[in-house]
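One structure is given here, and the rest of the page talks about it.
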Amino acid sequence: MTDNCPNCPQQQVQPAAEYERGDQVSHLYRCPACGVTWSTNRDLRAYGEAA
């Protein structure tokens with residue numbers, strides 16, 4: 001799952017790390033354009049990806 005940088009116009013940034021626990025997934029991102037880092041936490045059920 002990609003994300004857009006919250007600091008610059010860079011789109012479709014690939015996660016640098018991923019951690020899944022149950023129906024939750026956390027991603028750590030680092031923008032290749034500006035270097036900012038951020039994380040997301042998503043409920044996989046909202047994306048139709050829960051097991």
Would you say the side chain of [Y] lies within less than 4.5 Å of the side chain of [X], judging by non-hydrogen atoms?
X: Gln10; Y: Cys34; value: no
X: Gln24; Y: Asp43; value: yes
X: Met1; Y: Val25; value: no

Check your understanding: When rounded to the nearest 0.5 angstrom, what is the spacing between CG in Leu28 and CD in Glu18?
Key -> 11.5 Å
Review point. Applying salt bridge (charged side-chain N to carboxylate O under 4.0 Å, His left out), which residue pairs with at least one partner in residues 26-38 are found, sequence neighbours left out?
Key: none
Would you please name every residue forming a side-chain contact (heavy atoms from CB on, under 4.5 Å) with [X], sequence neighbours left out?
X: Gln12; value: Thr2
X: Pro9; value: none
X: Ala16; value: none

**Study point:** Where Val13 and Cys5 come nearest, the two heavy atoms and their spacing
**Key:** CG2-N, 4.3 Å
Practice item. Specify the closest pair of heavy atoms between Tyr29 and Asp3, including all atoms of both residues, with the distance to one decimal. Key: CZ-CB, 3.6 Å
Review point. Can you name the side chain to side chain donor-acceptor pair (under 3.5 Å) partners of Thr40, sequence neighbours left out?
Key: Arg42
**Study point:** side chain to side chain donor-acceptor pair (under 3.5 Å) involving Gln11 - partner list, sequence neighbours excluded
**Key:** none
